[in-house]
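Notes follow the structure.
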Amino acid sequence: MATDEPLSQGRLTMLFGAASGSSISLSEMPDRIPPPYPVVSFMVTGIEELVEALKARARASLG
């Protein structure tokens with residue numbers, strides 16, 4: 001699933017659906033000057049639970 005939806009101020013966003021209900025949204029930012037390095041951002045849910053699970057796994061592996 002992909003959609004092109006015009007936003008206010010002349011911007012365009014594209015939403016792509018993926019497996020397990022996940023999706024990615026790409027938005028045009030015409031006046032933005034990109035930094036001289038790659039930039040990727042993620043919106044993650046459940047990160048606190050993931051951190052606690054990783055801490056528990058690390059503790060268990062250390063004995």
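No more than 12 heavy atoms of other residues, nucleotides or ligands lie within 6.0 Å of CD1 in Ile33, so this atom counts as exposed by the packing criterion.
With sequence neighbours left out, the side-chain contact (heavy atoms from CB on, under 4.5 Å) criterion links Pro35 to Arg32, Tyr37, Val39. Judged as a side-chain contact (heavy atoms from CB on, under 4.5 Å), and not counting sequence neighbours, the contacts of Leu26 are Phe16, Ile24. The side-chain contact (heavy atoms from CB on, under 4.5 Å) test applied to Ile47 returns Val44, Leu50, Val51, not counting sequence neighbours.
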